[in-house]
2 protein chains.
Amino acid sequence: MVGLMINPLWLRTFRTLVDTGHFTKTAEKLFMTQPGVSQHITKLEDACDCALIKRDKKRFDVTEQGRLVYQYACQLDKSEEVLREQLVSDDPYAGKCRLACSGSLALMLYPKLLDLQCQHSQLILEVKAAPNQQILNEVQQGKVDIGIVTHIPNPALFDVETIGHEQLCLVLPATVNLAKVYRSDLLELGLISHPDAEHYLSLFFAQNSETCFDELLVSDIPVSGSINQIGQILEPVAKGLGFTVLPKSAIDSFHAPEKIMVFEAKTQVIETLHLVVKKGRNLPARFDTVSRKLQAHFNMSTSGS
Amino acid sequence: MVGLMINPLWLRTFRTLVDTGHFTKTAEKLFMTQPGVSQHITKLEDACDCALIKRDKKRFDVTEQGRLVYQYACQLDKSEEVLREQLVSDDPYAGKCRLACSGSLALMLYPKLLDLQCQHSQLILEVKAAPNQQILNEVQQGKVDIGIVTHIPNPALFDVETIGHEQLCLVLPATVNLAKVYRSDLLELGLISHPDAEHYLSLFFAQNSETCFDELLVSDIPVSGSINQIGQILEPVAKGLGFTVLPKSAIDSFHAPEKIMVFEAKTQVIETLHLVVKKGRNLPARFDTVSRKLQAHFNMSTSGS
DNA sequence: TTAAGTTGATAATTATTTGTTATGGTTGGC
DNA sequence: GCCAACCATAACAAATAATTATCAACTTAA
């Protein structure tokens with residue numbers, strides 16, 4: 001490791017030295033004395049470990065390395081200016097937005113968000129599919145900026161806002177083909193599990209406990225398969241290997257709907273979606289843009305269905 | 001203007017602080033004391049004129065601005081590393097090469113040099129067409145790295161190397177169509193001038209003084225037009241508006257050769273091409289690459305014709 | 001709840017760095 | 001050849017940075 005770091009002050013001096021071609025004029029321009037300029041150049045040359053100018057009598061030529069350093073100095077200047085601009089301006093259409101949500105939501109939302117990114121190419125969207133608890137953790141740790149979860153978290157740690165609803169459906173293989181589904185059917189088939197399966201299922205049972213699934217516990221159901229890729233969850237179901245629970249939106253996009261059967265529950269199981277942000281964090285303007293886009297989506301889909 | 005400049009040392013501290021999440025650990029890692037870390041962060045925040053971390057009891061969260069500055073720090077780190085690499089390595093296939101030569105040479109050489117750039121995309125070629133004297137000036141001032149000129153300049157100021165030859169030709173409108181051209185013809189037509197026309201013409205007269213152009217002086221010839229774009233010089237000649245002198249290579253590429261007539265002089269007028277570099281400047285390796293390419297071109301064209 | 005042990009902020013002091021003045025050696029113009 | 005301009009070096013003063021010492025707030029464990 002080299003002891004010296006390149007000091008931007010030296011770079012500024014070097015830059016004006018190259019521009020003016022005179023040590024004395026550089027000193028004047030930068031409101032410093034001539035020996036100061038000499039010293040800055042010496043320091044910079046030490047830090048770069050090479051000659052930046054070739055001193056020839058009274059004149060000097062910029063060396064090859066000097067040119068590179070000059071270029072670097074210009075670039076640095078520019079970068080810092082850009083940074084300063086970024087620091088003060090809160091551009092609603094530029095910057096990175098990191099969102100975490102369930103796989104099924106990601107499937108729905110990412111295309112919408114990419115539309116937004118197409119309109120504003122400076123707006124970078126990063127969507128991560130994760131189970132509820134992980135979303136909360138990552139929001140808390142600052143690994144993502146906003147999360148969408150299905151139950152209201154600790155209000156001491158998060159700022160929460162409701163943004164939409166999702167209907168949960170029980171999906172079985174089409175081969176089952178029953179008018180009514182009993183607990184024995186589920187126990188026989190087994191669950192095709194996924195990151196949110198247990199949570200969804202417990203909601204389902206809770207709201208339908210007095211119909212066909214009397215007193216069924218999630219822990220009673222054997223797991224007959226598992227996959228954490230939203231697009232593939234229904235594959236084993238279509239093959240008759242088990243059942244699962246998923247939001248309606250995720251089922252609608254399945255490529256072979258004739259091979260699965262969606263069970264119509266007595267009472268619809270609706271899950272509320274909450275936008276969560278780490279408590280006390282005031283997000284920059286671009287998150288409003290994204291948030292508005294999300295809300296537009298959910299308003300449209302609820303009024304549309 | 002903001003008083004404080006962003007110090008890379010503060011940035012390094014900030015970066016490790018964000019990475020570790022602890023002031024104390026940062027201090028250990030950077031072989032400094034804990035108050036030093038605190039001070040660096042404070043300084044950096046002052047320089048950025050905004051909070052970079054949000055102190056919450058013992059923990060802290062990186063603010064939006066903090067993220068930007070962190071990103072900036074990483075970028076800076078990378079840049080400096082790249083610079084240091086560039087400073088030590090003398091890559092024969094990367095960097096900028098600025099060449100100045102006559103317009104006709106540029107016409108010939110630039111495509112060849114672009115071939116080189118296609119092979120090595122890091123090698124940036126900048127070719128500038130200029131008259132002889134300007135080339136020498138710019139080489140001297142360091143505005144271009146190498147020049148190609150047609151007469152040997154002051155050896156105290158330049159390092160010179162011969163790299164090739166060019167035949168000069170007198171070009172007249174095809175309508176003239178004479179077996180022999182006399183001084184009166186030239187005086188009547190007038191010269192279509194271009195940056196090197198006077199120089200070329202004086203060479204021509206000097207070597208053919210005892211044939212048809214007895215004692216003709218360049219200053220005697222009226223100028224009937226002028227253009228500094230090599231590709232367009234022959235247009236007025238083709239239209240019968242005047243004559244000019246050009247290197248053979250430039251004439252060969254004219255789109256309407258039937259409208260012009262190249263005068264066959266008694267003694268061929270050959271001009272020697274010299275590669276010039278500012279005296280004492282030792283060029284980096286990439287100039288060897290370019291120089292070799294140039295030499296290959298001239299060797300090929302002389303052996304080929 | 002309290003006591004011990006961390007952790008980060010602040011103040012005071014010391015060390016280092018930076019910038020200035022003073023000075024001298026070359027160079028180039030007249 | 002002399003004078004003025006220019007840059008380098010040295011010595012010193014000013015400013016800055018790092019350290020030690022200390023304190024307050026929180027965490028953990030008894």
Side-chain angles (χ1 to χ4, degrees), chain A residues 1-48 50-63 66 73 140 156-157 279-280, chain B residues 1-48 50-63 66 73 140-141 154 156-157 279-280:
Chain A
M1 174 68 189
V2 67
L4 288 163
M5 238 171 176
I6 293 178
N7 189 314
L9 230 58
W10 306 338
L11 284 176
R12 190 187 57 167
T13 307
F14 179 64
R15 210 151 76 84
T16 49
L17 176 70
V18 172
D19 289 341
T20 61
H22 289 264
F23 281 70
T24 314
K25 280 185 187 164
T26 301
E28 280 174 29
K29 219 173 191 176
L30 299 179
F31 305 103
M32 56 198 286
T33 55
Q34 171 268 311
V37 177
S38 286
Q39 287 178 31
H40 273 193
I41 303 307
T42 308
K43 290 265 174 63
L44 189 57
E45 288 186 316
D46 284 350
C48 294
C50 59
L52 302 179
I53 56 175
K54 192 173 182 180
R55 290 147 226 254
D56 175 45
K57 317 286 174 198
K58 216 159 245 200
R59 298 239 165 294
F60 67 84
D61 290 309
V62 184
T63 64
Q140 204 57 40
L157 297 175
K279 189 83 186 179
Chain B
M1 174 70 192
V2 68
L4 289 163
M5 237 170 177
I6 293 178
N7 189 315
L9 228 59
W10 305 339
L11 284 176
R12 189 187 58 168
T13 307
F14 179 64
R15 211 152 74 84
T16 50
L17 177 70
V18 172
D19 289 340
T20 61
H22 288 263
F23 282 69
T24 314
K25 280 185 187 166
T26 301
E28 280 174 29
K29 222 176 188 175
L30 300 179
F31 305 104
M32 57 196 288
T33 55
Q34 172 269 311
V37 176
S38 285
Q39 286 179 26
H40 273 193
I41 303 307
T42 308
K43 289 266 174 63
L44 189 58
E45 287 186 317
D46 284 350
C48 294
C50 61
L52 302 180
I53 56 175
K54 191 172 185 181
R55 291 147 225 257
D56 175 45
K57 317 285 172 198
K58 209 151 258 200
R59 296 242 164 291
F60 67 85
D61 289 310
V62 184
T63 64
Q140 203 58 41
Q141 293 166 233
N154 183 351
L157 297 175
K279 189 83 186 177

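Within every chain, numbering begins at 1; the chains are lettered A, B, ... in the order of the sequence lines, protein sequences first and strands thereafter. From a predicted model like this one, the values you see are computed outputs, not experimental measurements.
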To the nearest angstrom, how far is [X] atom [atom1] from [N] atom [atom2]?
X: His40(A); N: dG19(C); atom1: NE2; atom2: C1'; result: 8 Å
X: Gln39(B); N: dT20(D); atom1: CD; atom2: P; result: 13 Å
X: Leu44(A); N: dT18(C); atom1: CG; atom2: C1'; result: 15 Å
X: Leu9(A); N: dA15(D); atom1: CG; atom2: C1'; result: 13 Å
X: Glu28(B); N: dT19(D); atom1: CD; atom2: P; result: 13 Å
X: Asp46(A); N: dT18(C); atom1: CG; atom2: C1'; result: 15 Å
X: Lys43(B); N: dA15(D); atom1: NZ; atom2: C1'; result: 10 Å
X: Arg59(A); N: dT26(C); atom1: CZ; atom2: C1'; result: 14 Å

Nearest heavy atoms of Met5(A) and Pro8(B), plus distance in Å: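 In this case the closest contact between Met5(A) and Pro8(B) is CE-O, 4.1 Å.
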Protein and nucleotides 26-29 of chain D: nitrogen or oxygen contacts under 3.5 angstrom:
residue : atom : partner  : partner atom : Å
dC26(D) : O2   : Lys58(B) : NZ           : 3.2

Is it the case that the side chain of [X] and the backbone of [Y] share a donor-acceptor pair, with hydrogens and angles ignored and the cut-off at 3.5 Å?
X: Glu45(B); Y: Leu52(B); answer: yes
X: Thr13(A); Y: His40(A); answer: no
X: Thr16(A); Y: Asp19(A); answer: no

Which nucleotide in the set dC7(D), dT18(C), dT20(C) lies at the smallest distance from any side-chain heavy atom of Gln34(A)? dC7(D)
5'-most by nearest nucleotide on DNA chain C - Phe23(B) or Asn7(A):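 Taking each residue's closest nucleotide, the earlier one in sequence belongs to Phe23(B).
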Is there a side-chain contact between [X] and the phosphate of [N], meaning an N or O under 4.0 Å from OP1 or OP2?
X: Arg55(A); N: dA8(D); result: yes
X: Ser38(A); N: dA8(D); result: yes
X: His22(A); N: dA5(D); result: no
X: Thr24(A); N: dC7(D); result: yes

Over all strands shown, is Thr33(B) touching base, sugar-phosphate only, or nothing at heavy-atom distances under 4.0 angstrom? base
If you define the side chain from C-beta out and look only at heavy atoms, does anything of Leu17(B) sit under 4.5 Å from Ile53(B)? yes
Terminal helix-axis angle for the helix from dT1(C)-dA30(D) to dC30(C)-dG1(D), with five pairs defining each axis and rounding to 10 degrees: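 End-to-end axis angle for the helix from dT1(C)-dA30(D) to dC30(C)-dG1(D): 30°, rounded to 10°.
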Going by side chain to side chain contact (heavy atoms under 4.5 Å, CB included), name the residues that satisfy it together with Lys25(A), two or more places apart in sequence or in a different chain.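 Lys25(A) satisfies side chain to side chain contact (heavy atoms under 4.5 Å, CB included) with Thr20(A), His22(A) once adjacent residues are dropped.
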